[in-house]
2 protein chains.
Amino acid sequence: MRAASIKDVANHAGVAVGTVSNVLNYPERVAPRTRSRVLASISTLGFVRNDVARQLRAGHSRTIGLIVLDIGNPFFSSLARAAEDAAADSGNAVVLGNSGHDSHRELHYIDLFEEQRVQGVLISPVADITQRLTALAERGTHVILVDSPAGEGAFSSVSVDDVSGGYLATKHLLGLGRRRIAFVAGPQHFHQVRDRLTGTTRAVGEVVGATLEVLQADDLTVLAGRAIGDALVRRERESLPDGLFCANDLLALGVMQSITMLHNLRIPEDVALVGYDDIDFAASAVVALTSIRQPTALIGQTAVELLAEQLEDPQTTPRSVVFKPELVVRASTNG
Amino acid sequence: MRAASIKDVANHAGVAVGTVSNVLNYPERVAPRTRSRVLASISTLGFVRNDVARQLRAGHSRTIGLIVLDIGNPFFSSLARAAEDAAADSGNAVVLGNSGHDSHRELHYIDLFEEQRVQGVLISPVADITQRLTALAERGTHVILVDSPAGEGAFSSVSVDDVSGGYLATKHLLGLGRRRIAFVAGPQHFHQVRDRLTGTTRAVGEVVGATLEVLQADDLTVLAGRAIGDALVRRERESLPDGLFCANDLLALGVMQSITMLHNLRIPEDVALVGYDDIDFAASAVVALTSIRQPTALIGQTAVELLAEQLEDPQTTPRSVVFKPELVVRASTNG
DNA sequence: TCCTTTGTTTGAATCGATTCATTGATACGG
DNA sequence: CCGTATCAATGAATCGATTCAAACAAAGGA
């Protein structure tokens with residue numbers, strides 16, 4: 001049994017297909033009697049408009065592609081949710097692609113979305129794929145960069161100033177009188193990690209007598225943080241940092257767990273600890289974690305708005321919106 | 001500048017549209033010389049196949065709709081990721097809809113997905129919407145229930161036996177010699193909450209002298225858990241439960257934070273604590289949390305497989321796959 | 001040389017909704 | 001009673017890829 005088409009409805013109601021279409025799209029153009037007759041037929045036949053056909057005619061779909069690095073990461077899931085909400089307001093849907101930091105999967109999704117003629121692609125790129133994105137844009141699919149260096153002038157972008165976030169976090173530690181600062185870095189190929197380190201370096205450089213040590217974690221996970229913590233507690237007391245800034249909250253929570261479990265060190269008395277992202281769990285850690293909050297929802301929403309701008313007037317000059325992160329002080333720096 | 005169509009390619013290469021289509025879909029049917037000429041034209045024109053037109057002809061899309069209750073919840077984000085992976089293997093994409101426990105948004109997504117003629121809908125329903133889903137299925141869109149009571153015979157479903165999970169958790173507490181059991185419930189309209197309570201009740205009923213108390217939390221969040229914990233620590237010592245089972249990990253972590261912060265109670269000596277879901281943070285809590293692990297990835301993957309079964313043979317009898325959850329013992333019950 | 005077989009290529013018809021120029025019907029003013 | 005304006009309804013053309021019967025070409029056999 002085939003699904004009912006607009007033609008079936010037209011036959012059943014004894015009108016032309018154009019009239020059915022008008023009932024669906026411009027009800028006021030149709031006489032009330034005809035309209036209700038058509039609506040009755042629609043209901044009895046269980047007709048559901050085929051959006052694929054509609055899209056073909058319209059030349060574009062009603063969906064927006066969103067490609068994130070890791071949907072399991074609260075930063076992105078929150079961002080995705082906000083983007084989805086914002087898109088829903090304008091009757092659009094968000095198709096989610098999870099690249100998982102894998103360039104192949106990323107390209108796969110770009111191809112897929114281009115074939116599906118999405119209205120635009122919101123992407124948090126794994127690496128530099130400006131070429132592919134430029135080609136995409138030239139063929140008419142709008143591109144908005146999310147959480148990515150704003151430098152690439154060709155596209156609109158939304159990002160958070162990670163340098164300023166790193167600066168903020170470190171300045172806070174220094175303001176508490178801490179001088180032996182350590183930055184727990186994740187893999188350096190993440191620009192977020194590099195930027196946050198840059199901010200830290202700058203802040204440390206502004207205070208005489210302050211030193212900076214970089215501890216390299218293998219990953220941005222709780223487990224990797226625990227490994228760093230395990231290494232720290234084995235050190236001589238005097239060689240320990242007294243202010244620790246971690247590239248993200250997961251690392252910070254891992255470090256915290258390790259440090260508090262072994263009871264050698266107290267937070268914040270011995271080591272003050274700052275994370276990054278302010279995930280839900282930051283507040284519910286052993287010692288509530290001071291962190292840098294990124295306006296994730298705002299990012300997602302703004303990305304959709306930037307896309308809407310482009311759609312409305314394709315000639316618009318691309319805009320870059322940069323949000324400032326915010327310091328959230330909790331017990332881990334505030335004994 | 002319009003995007004190049006198959007017709008443009010045909011003109012450019014000096015062949016018929018059918019030939020271009022064959023190059024794309026059945027390259028072996030086309031003579032090598034013609035084929036390479038067409039491929040060259042495709043490349044110079046930057047042609048990208050319009051999947052919308054292809055779908056119209058095919059009668060269905062290459063996407064699967066997934067409607068989850070809350071994408072911010074690690075259970076669902078992990079499930080979504082797995083479903084996406086599984087779908088990608090068969091060249092399909094997953095469109096994600098986040099109902100946020102809101103019936104209106106849920107229906108909105110069902111409508112949207114039906115209009116988009118997705119191959120099937122994987123849904124974790126907010127409430128009982130069997131009627132709407134039945135109508136959907138009758139018109140040819142397959143439906144797979146995810147993490148939902150398997151009872152509704154008309155659809156295939158994947159779920160986890162929450163009753164058995166509740167039983168498992170409580171049996172574990174009882175096995176440790178705990179007799180004053182309390183269940184921290186979330187809102188009772190979640191069938192997961194009800195089922196887990198049923199399992200707990202059953203386990204407690206099997207042990208003479210064991211009592212069960214139900215503490216009602218307003219929500220399934222860390223904050224709500226903290227409120228329950230705050231209320232507990234104010235009690236007389238002898239009226240306190242010695243075994244606490246929470247409807248999910250977030251609640252458990254909240255309770256834990258409250259209890260350990262006020263230092264009145266030790267975990268597990270005074271109160272043994274069990275959560276549910278085994279989210280990433282369960283292992284990295286103040287006291288590593290004993291929890292019930294659900295095979296989230298397997299659920300997502302299985303849902304896609306069940307859909308594939310339906311697609312292959314629409315006459316297949318619906319199947320219900322029920323996974324058994326697993327107890328993960330950590331420090332919170334194992335001092 | 002003619003017929004058959006095999007292998008390629010062609011292009012009109014199709015999917016379902018939208019668009020829009022055209023037709024038809026009705027009302028109104030003079 | 002006619003001409004014109006207004007409002008409804010019509011249905012062929014369109015979007016772009018796929019399908020498939022038919023045309024065509026080249027090679028081989030009789």
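Chain letters run A, B, ... following the sequence lines, proteins first, then strands; residues in each count from 1.
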Bend angle of the helix from dT1(C)-dA30(D) to dG30(C)-dC1(D), end axes from five pairs each (to 10°)
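Inter-axis angle at the ends, rounded: 60°.
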OP1 or OP2 of dT9(C) sitting under 4.0 Å from any side-chain N/O of T34(B)?
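True: T34(B) side-chain N/O within range (under 4.0 Å) of dT9(C) OP1/OP2.
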Quick one: is T19(A) getting a side-chain N or O under 4.0 Å of the dT10(D) phosphate, OP1 or OP2?
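Yes, because at least one side-chain N or O of T19(A) sits under 4.0 Å from OP1 or OP2 of dT10(D).
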Result block: side-chain N/O donor-acceptor pairs under 3.5 angstrom for residues 62-73 of chain A, not counting sequence neighbours:
{"unit_1": "T63(A)", "atom_1": "OG1", "unit_2": "S61(A)", "atom_2": "OG", "d": "2.9"}
{"unit_1": "D70(A)", "atom_1": "OD1", "unit_2": "G72(A)", "atom_2": "N", "d": "2.9"}
{"unit_1": "D70(A)", "atom_1": "OD1", "unit_2": "R81(B)", "atom_2": "NH1", "d": "3.1"}
{"unit_1": "N73(A)", "atom_1": "OD1", "unit_2": "F75(A)", "atom_2": "N", "d": "2.8"}

Is the backbone of [Y] close enough, under 3.5 Å, to the side chain of [X] for a donor and an acceptor to pair up by distance?
{"X": "S36(B)", "Y": "P32(B)", "result": "yes"}
{"X": "H191(B)", "Y": "D147(B)", "result": "yes"}
{"X": "S156(B)", "Y": "R319(B)", "result": "yes"}

Holding to side chain to side chain contact (heavy atoms under 4.5 Å, CB included), I want the full list of residues that pass it with T134(A), two or more places apart in sequence or in another chain.
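Result, side chain to side chain contact (heavy atoms under 4.5 Å, CB included) vs T134(A): T130(A), E138(A), F155(A).
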Pairwise salt bridge (Lys or Arg N to Asp or Glu O under 4.0 Å) hits with a residue in residues 295-306 of chain B, at least two apart:
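Listed by first then second residue: nothing to list.
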Restricting to pairs with a member in residues 24-45 of chain A, which pass salt bridge (Lys or Arg N to Asp or Glu O under 4.0 Å), not counting sequence neighbours?
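Output for this query is empty, none listed.
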Less than 4.0 Å between a side-chain N and a carboxylate O, is that true for E106(B) and R132(B)?
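Here R132(B) does not pair with E106(B) in a salt bridge, since their nearest N and O are not under 4.0 Å apart.
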Would you mind building the protein contact string for nucleotides 12-26 of chain C? One character per nucleotide, 5' to 3', B for base within reach (heavy atoms under 4.0 Å), S for sugar-phosphate only, - for untouched.
--BBBBBB-------
